[in-house]
Amino acid sequence: MTKFKDTDMQVIIGWVLRLGVFISMLVVFLGGVIYLYRHGHEVADHYVFKGVPLFLQSGSGIVNGILNFRGQAIIQAGIILLIATPVIRVICSAVGFALEKDHLYIGITLLVLAIIFFSMLSGHAG
């Protein structure tokens, strides 16, 4: 069995980033097509501000919206996928450093991951 190398990890991370962006782009495009199909004929009312619908403000609302083929929910899911892509990259880096048995970089990567999750859960930017 060959040893896991740095270049192998770089290739994997490159593919993770490309696939994440490409899949999120496809999901947002699909949501946009569905949204325009259902709402493209409506006239915009710029005098009344309408914020983000309530069903897009929770995970269960987004999932329910996706199951009902609501374009806004599908677009929101694509944006969430785009945001998740660099987080997945950090996780892949931690796995790669673990395979290389590089304990210093495992610790640094896990610290970065903890900061990301703390920032997401607390609502405070890092």
Side-chain angles (χ1 to χ4, degrees):
M1 186 166 148
T2 61
K3 188 172 178 173
F4 190 76
K5 294 182 233 158
D6 242 2
T7 54
D8 298 330
M9 193 66 228
Q10 291 172 4
V11 169
I12 292 170
I13 288 174
W15 275 105
V16 165
L17 292 173
R18 279 193 230 40
L19 280 174
V21 170
F22 186 73
I23 290 170
S24 64
M25 179 186 68
L26 285 177
V27 171
V28 168
F29 180 76
L30 176 67
V33 168
I34 292 171
Y35 182 79
L36 286 176
Y37 177 75
R38 291 190 176 175
H39 301 283
H41 64 281
E42 295 175 5
V43 178
D45 182 12
H46 296 292
Y47 295 104
V48 178
F49 176 74
K50 296 178 185 171
V52 178
L54 287 177
F55 75 94
L56 292 177
Q57 296 180 9
S58 70
S60 60
I62 293 171
V63 170
N64 190 27
I66 291 169
L67 295 176
N68 291 320
F69 291 103
R70 296 184 75 173
Q72 289 176 312
I74 295 172
I75 292 170
Q76 190 81 348
I79 293 169
I80 291 170
L81 284 172
L82 186 63
I83 293 169
T85 299
V87 176
I88 294 169
R89 181 228 185 273
V90 173
I91 293 170
C92 286
S93 295
V95 170
F97 292 135
L99 291 173
E100 293 176 355
K101 296 182 174 58
D102 193 341
H103 301 294
L104 175 64
Y105 283 106
I106 292 171
I108 293 169
T109 307
L110 291 178
L111 177 65
V112 168
L113 197 59
I115 291 169
I116 291 171
F117 281 121
F118 176 75
S119 296
M120 286 186 334
L121 295 176
S122 70
H124 293 88

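Contact detail for Ser24 and Gly78: the closest heavy-atom pair is CB-O, 3.2 Å. Residues Arg70 and Phe55 come closest through the heavy atom pair NH2-CE2, 3.2 Å. Ile66 and Ala77 make their closest contact through CD1-CB, 3.5 Å (heavy atoms, listed as atom of the first residue, atom of the second, distance). Across every non-hydrogen atom of Leu110 and Ala94, the tightest pair is CD2-CB, 4.3 Å.
Annotation: the span from Ile75 atom CD1 to Ile79 atom CD1 amounts to 7.0 Å, rounded to 0.5 Å. Here the CZ-CG distance, from Phe22 to Leu19, works out to 8.5 Å after rounding to the nearest 0.5 Å. Once rounded to the nearest 0.5 Å, the distance linking CD1 of Ile62 with CD of Gln72 reads 11.0 Å. Interatomic distance, Phe118 CZ to Leu111 CG, rounded to the nearest 0.5 Å: 12.5 Å. Considering CD1 of Ile13 and CG of Asp8, their distance stands at 11.0 Å, rounded to 0.5 Å. The distance from atom CG of Asp102 to atom CZ of Phe97, rounded to the nearest 0.5 Å, is 6.5 Å.
Linking Ile, Leu, Val, Met, Phe, Trp and Tyr residues whenever their side-chain heavy atoms come within less than 4.5 Å leaves Val16 and Ile23 in two separate clusters.
The shortest distance between side-chain heavy atoms of Tyr105 and Ile108 falls below 4.5 Å. For the pair Val11/Thr7, no side-chain contact is recorded, criterion being any heavy-atom separation below 4.5 Å from C-beta on. A heavy-atom distance below 4.5 Å is found between the side chains of Ile115 and Ser119.
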Atom pairs and distances, donor-acceptor, side-chain atoms in residues 82-89, under 3.5 Å, two or more places apart:
from: Thr85; atom 1: OG1; to: Leu81; atom 2: O; distance (Å): 2.9
from: Arg89; atom 1: NH1; to: Ser93; atom 2: OG; distance (Å): 2.8

